[in-house]
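See structure below.
Within every chain, numbering begins at 1; the chains are lettered A, B, ... in the order of the sequence lines, protein sequences first and strands thereafter. A quick note: this is a predicted structure, and the numbers were derived from the prediction, not measured.
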Amino acid sequence: MKTRAFRLTDSQSHQVKELQPVDKGHLKFYSCGPTVYSYAHIGNFRTFITADLIVRTAEALGWKVSYVSNITDVGHLTQDDMADAGGEDKMEKALKSKEGEAFANVWELADHYGNAFKSDWKRMNLRLPMVWPKATQHMREQILAVEELIDKGHAYETPTGVYFNVSSFEDYGKLSGNRDQDQLYRGVREVVTDENKQHPSDFALWKKDEKHLMQWFSPWGWGFPGWHIECSVMAMRYLGETLDLHAGGEDLIFPHHECEIAQSETLTGKPFANHWIHTRFLQVDGEKMSKSKGNFYTVRGLVDEEKVDPLALRYALLAVPYGKPLNFTRQSLRDAGQNVERFKECDRLADSAIQKGKEGDDGLGKTLNDLYEQALDAMCEDLNTSVAIAKALEGTVAIFKAGDSMSKVDGEAAKAYLTKINALLGIVRPDYEAEETATGPAVDETRVQNLIDERNAAKKAKDYARADQIRKDLDAEGIELRDTPEGTVWRLKSV
RNA sequence: GGCGUCGUACCCAAGUGGCUAAGGGAACGGUCUGCAAAACCGUCAUGCAGCGGUUCGAAUCCGCUCGACGCCUCCA
């Protein structure tokens, strides 16, 4: 295998630079996960897919990957910690909402959405992290970290909590560019802040709150941790004091990641992460998607209710490189579905060629291998998924050209190619067994097969009107028929 | 007010100084098929928001104009 550099845009320098693990060939990677107060939407998953593609590319390069993705289940307030008068914990707010009525308490709610998230994760063909740490499971470490920050003189206690003194950390703003903390508040319509804080930019490490539904006892009394401290603590707990790479959505650059840097580097005196990358937001029909606008799609809604092929959804979410805004539309989902079908069709063609066992070798393997190498090159160049997909699709043209007369050797080469493309992009085959889904009627396969048999009998009898009627009826149900040399096959039409 | 991104065909999108401006979707014509579907073949941007400039040479660099968008405020 030729040696390749894996290059990614670093959010701090805005330059594309080589990702170089401190331990050569062993990537220590932390990716910010969701706050589990609701079902994750496709925008969340664009970010998680970016992380997934990094893991897959690193694996393709033969690296070992220590991959951690957290689950936030406490401490994420509805209002920023900077202006934290009146901020409400997202988990508590969700419990009070209409959907929250189904849960006995906030712990159950967190558990439910956390599990739903993990199930969506698998359906989107995402690599499993080494660990999925939860904020609530690392309370002791968080409290210890806050104590240490106070001891070191970088944090102070007020009647409402413990705050990090931003002016005590010289590098504050190095990631986001928000260097001048006073400038930040000029032109902002209203600054609501805790009057006990020394500066509006100081952020909460611990909130005192005896009424909070999730609370722990600390040296500062009952309360709960601030949102930022969990990631610092869990990242360092599992991956060490300096990460090779830290990823997240673009909204997390400030304040979340800026605060993580301030806390972590103050604690260790070492760089927190050598490389930062951020996935740009997804838009829907040219508009920003957000919960407050209500124009958002969830994985569950599309896959369970609308029967969209999860692989098509994944394809649509990764077709545009992570550094550019992606405009998600019904059209983009249809395009994605078409191409995913091409891969699947090639997979069937390769299986059939292997089964037929025809002799010969038309050199398909060489062509496909070159294309795979080019696809991997594209992924190593800042995850250029557009080019990687283009190369992957060129491979399908080569496979289709070989067609039904493909030899066994070429069939095996095609199969191996698709396996490698799938390992890199995850858009050919599902990597996990399908889980039972509660919603939607299952297709009665026996009934469909009976109708196909009836249609074939009608065709044989040259009763084409009857044959076409059966095909038309099934099509109306969303089942598409296709007559192939191996017989009639059917598939569910997605979207 | 601060920080940042982008404008390439009907749609998505690659290309960041130099061969014919990748690839996909849609559309149209053809082959195959009882007819379809899938597949294959062919057609589909003398031009890259506009205007200037630099250069032997620019979609690519510089300036201005117009337009779209993101973060700083709930969000990945």
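Distance check on atom C1': B:rG7 versus B:rC51 gives 16 Å, rounded to whole Å. A distance of about 24 Å separates the P atoms of B:rC32 and B:rC44, rounded to the whole Å. Rounded to the nearest Å, the gap between the P atom of B:rU16 and that of B:rC62 is 15 Å.
At the phosphate of B:rA14, OP1 or OP2 sits under 4.0 Å from a side-chain N or O atom of A:K324.
The pair A:D52-A:R56 meets the salt-bridge criterion, with a side-chain N (NZ, NE, NH1 or NH2) lying under 4.0 Å from an Asp/Glu carboxylate O.
Along RNA chain B, the nucleotide nearest to A:H14 and the one nearest to A:A398 differ in position, and the one closer to the 5' end is contacted by A:H14. In terms of position on RNA chain B, the residue among A:S332 and A:N384 whose nearest nucleotide sits closer to the 5' end is A:S332.
Residue-level contact check: A:G248 touches the backbone only, with heavy atoms under 4.0 Å from sugar-phosphate atoms and none from bases. The residue A:Q283 sits close only to the backbone: its heavy atoms come under 4.0 Å of sugar-phosphate atoms, none of a base. When heavy atoms are screened at a 4.0 angstrom cut-off, A:I253 is found touching no nucleic acid atom at all. Within 4.0 Å of A:S176, counting heavy atoms only, lie sugar-phosphate atoms of the nucleic acid but no base atom.
Pairs passing the salt bridge (Lys or Arg N to Asp or Glu O under 4.0 Å) check and including a residue from residues 382-393 of chain A, sequence neighbours excluded, read A:K391-A:E394.
Dense packing is recorded around NZ of A:K356, with more than 12 heavy atoms of other residues, nucleotides or ligands lying under 6.0 Å away.
In the set B:rA38, B:rA76, B:rC12, the nucleotide with an atom closest to the side chain of A:H76 is B:rA76.
Judged by distance alone, the side chains of A:H278 and A:S11 do bring a donor and an acceptor atom under 3.5 Å apart.
A straight line from CG of A:D285 to P of B:rA68 spans 18 Å, rounded to a whole angstrom. Remark: P of B:rA14 and CE of A:M379 are 14 Å apart, rounded to the nearest angstrom. The nearest whole Å value for the distance from the CD atom in A:E250 to the C1' atom in B:rC72 is 12 Å. Counting to the nearest Å, the C1' atom of B:rA36 and the NZ atom of A:K462 are 17 Å from each other.
A donor-acceptor pair under 3.5 Å links the side-chain atoms of A:N327 to the main chain of A:D285, judged by distance alone.
Aromatic rings of A:H138 and A:Y238 (six-membered ring for Trp) have centroids within the 6.0 Å cut-off, being under it.
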Using a 4.0 Å heavy-atom cut-off to protein, can you give one letter per nucleotide of nucleotides 21-35 of chain B, 5' to 3': B if the base is in contact, S if only the sugar-phosphate is, - if neither? -BSBSS-------BB
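Residues satisfying the side-chain hydrogen bond (donor to acceptor under 3.5 Å, both in side chains) test with A:K17, not counting sequence neighbours, are none.
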